[in-house]
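Here the structure is laid out as structure tokens; the discussion comes afterwards.
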2 protein chains.
Amino acid sequence: VKRVLVTGAAGFVGRFALPELVARGYQVFATDLRPPAHEEPGVAFRTADLLAPGEPAGLLAWARPTHLLHLAWYAAHGRFWNAPENLACVQASLALLRAFREADGQRVTVAGTCAEYHWSAGGTCREESTPLRPATLYGAAKDALRRVLQAYAASSGLAWAWGRLFMLYGPHEDPGRLVASVIGARLAGREVALSSGEQERDFLHVADVAGALVALLESPVEGAVNVGSGAATTIRQLVERICAIVPEGPAPRYGALPARPGDPPRLVADVGRLTGEVGFVPRYDLQRGLEETVTWWRKSRTTR
Amino acid sequence: VKRVLVTGAAGFVGRFALPELVARGYQVFATDLRPPAHEEPGVAFRTADLLAPGEPAGLLAWARPTHLLHLAWYAAHGRFWNAPENLACVQASLALLRAFREADGQRVTVAGTCAEYHWSAGGTCREESTPLRPATLYGAAKDALRRVLQAYAASSGLAWAWGRLFMLYGPHEDPGRLVASVIGARLAGREVALSSGEQERDFLHVADVAGALVALLESPVEGAVNVGSGAATTIRQLVERICAIVPEGPAPRYGALPARPGDPPRLVADVGRLTGEVGFVPRYDLQRGLEETVTWWRKSRTTR
């Protein structure tokens with residue numbers, strides 16, 4: 001039987017990964033700093049601080065996993081880009097990966113990021129050809145972890161894959177992040193203030209992001225694989241879609257905010273590996289994903 | 001007053017770095033897993049395991065350093081190339097670097113390695129242009145640490161330099177390593193069995209390696225700097241020099257051993273940054289360095 005340990009299991013992606021793994025027949029062992037808001041059927045949960053000495057070993061003795069889906073990372077909105085906590089996350093990840101392999105773990109999938117890429121390279125990000133030159137400490141830390149994992153996997157016989165996440169959105173998103181904050185403002189009748197909105201991004205519903213990572217864990221594909229939709233959407237197009245779903249309220253003000261320094265004009269995934277090699281097919285297109293997300297936020301507002 | 005903390009201070013390079021630092025007016029605080037063979041005048045020493053939780057913080061509270069010379073790494077001869085201990089060394093280094101900066105440390109120099117470079121790139125290794133594509137876990141771990149350090153230094157205002165060490169030799173070398181083992185065999189009248197010996201390498205006396213790292217710490221130069229002689233010497237030329245210094249005994253047998261898989265044909269430093277920007281001038285040429293090393297081994301044999 002396949003046994004999987006999921007870190008960051010109560011997080012934005014983690015909570016959507018758990019039912020996917022149960023559905024695929026895994027025995028699921030989940031961990032996070034804090035317990036999840038609700039219990040997921042068929043999932044054993046244990047709180048753990050991966051930074052605490054001996055904690056990875058304790059988790060592995062408990063779960064005895066054949067598979068590892070490592071999602072845990074420091075993610076405080078706005079702060080994570082250059083926070084020193086990124087160093088601690090590399091440390092914790094290395095300790096966990098080694099303990100996993102030494103406990104006879106077979107295959108790992110880790111959540112990477114489009115921030116590993118050189119943002120000024122332009123074009124569409126391809127795993128094999130776009131230069132890796134992170135502009136942030138977050139991107140550098142993920143990039144460095146992947147490099148060590150690649151060499152460690154080769155020397156220790158560990159199977160590994162690395163999902164590079166692009167933009168994601170969906171239920172339970174941090175209210176400060178883009179899609180959640182725009183929906184929140186529209187539902188409250190507040191004005192939406194934005195930068196120019198001309199930046200092109202690649203949005204994928206969080207349930208599909210989780211599904212893609214699980215598909216990657218299940219597949220024999222090795223190395224880095226972009227996790228995105230493959231479609232370029234400008235921030236303005238995204239906001240206009242949300243405004244069409246929540247039509248009441250003042251028009252969004254583009255250009256009201258300055259561009260974030262270093263914000264790349266285009267950040268879009270080539271998804272050839274994800275669709276061709278992994279065989280992943282998303283369930284949501286952007287329109288339906290946004291509609292369901294708005295519905296979730298409406299419910300969430302009324303039940304609070 | 002400048003206060004420097006030296007890790008790996010009882011190691012091959014560390015023991016030569018201590019007197020250099022004292023001579024340059026630093027207050028020197030030194031640490032290693034084990035105490036050094038002899039006390040270095042003017043140096044405060046404390047044993048520490050950098051991997052133990054809280055140990056970096058304890059060392060920093062003790063030394064309160066403005067400068068850090070980080071040399072400690074797993075270095076068991078033959079084993080270090082692909083040992084999982086490399087992961088622990090990245091962890092320990094990240095913990096130390098963050099603790100150093102958060103205790104108001106100003107400038108750090110770390111020992112890197114020519115194993116960070118793509119060994120099949122050919123030519124002479126240049127910091128700015130030779131691709132970084134390590135063939136070993138050791139090289140990948142050092143490369144990854146440097147990448148995180150670069151981003152962390154930028155975001156936290158830490159001054160940093162990274163010395164990429166090529167081949168080194170000299171007194172106190174591990175008897176299993178190349179120069180020490182050839183000298184040992186010659187002095188014992190044993191045959192020296194080698195691979196083809198056609199590989200080109202760059203050899204620098206360990207005292208000069210330590211001197212270069214200290215010069216780098218003292219300088220305002222940022223980023224990676226090769227630490228080598230800049231001269232290409234084949235293994236055969238090296239062995240012939242040693243045989244000329246210790247003429248008694250059987251002729252070396254070239255080709256008696258197979259080439260190590262992946263062993264690069266050429267691994268030579270461009271030292272433009274080290275000599276031009278750092279202004280470092282070595283004290284030893286290869287001939288005098290080998291002569292003094294042979295003299296040291298002769299004495300070391302008779303006093304044991």
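Residue numbers begin at 1 in each chain, while the letters A, B, ... track the order of the sequences. The shown structure was predicted, so the numbers you read here are calculated from the model rather than taken from an experiment.
For chain A, the option among Ala141(B), Ala135(B), Pro84(B) with the highest count of heavy-atom pairs below 4.5 Å is Pro84(B). Of the listed residues (Gln150(B), Arg147(B), Arg146(B)), the greatest number of heavy-atom pairs within a distance under 4.5 Å of chain A belongs to Arg147(B).
Within 6.0 Å of atom CZ in Arg260(A), more than 12 heavy atoms from other residues, nucleotides or ligands are found, so the atom counts as buried in its surroundings. Within a 6.0 Å sphere centred on CZ of Arg133(A), heavy atoms belonging to other residues, nucleotides or ligands number 12 at most. Heavy-atom contacts from other residues, nucleotides or ligands closer than 6.0 Å to CZ of Arg266(B) number more than 12.
From Tyr152(A), atom OH reaches atom CG of Asn82(B) across 11.5 Å, with rounding to the nearest 0.5 Å.
Using a 4.5 Å cut-off between heavy atoms, Asp143(A) contacts chain B through its side chain alone, with no backbone atom that close.
Chain A is approached within less than 4.5 Å, heavy atom to heavy atom, by Leu87(B), Ala88(B), Val90(B), Gln91(B), Leu94(B), Ala95(B), Arg98(B), Glu102(B) from residues 87-113 of chain B, ordered by number.
Residues meeting the ring pair (Phe, Tyr, Trp, His ring centres under 6.0 Å) test with Phe80(A), sequence neighbours left out: Tyr138(A).
When every heavy atom of Ala144(B) is checked against every heavy atom of Val148(A), the shortest pair comes out as CB-CG2, 3.3 Å.
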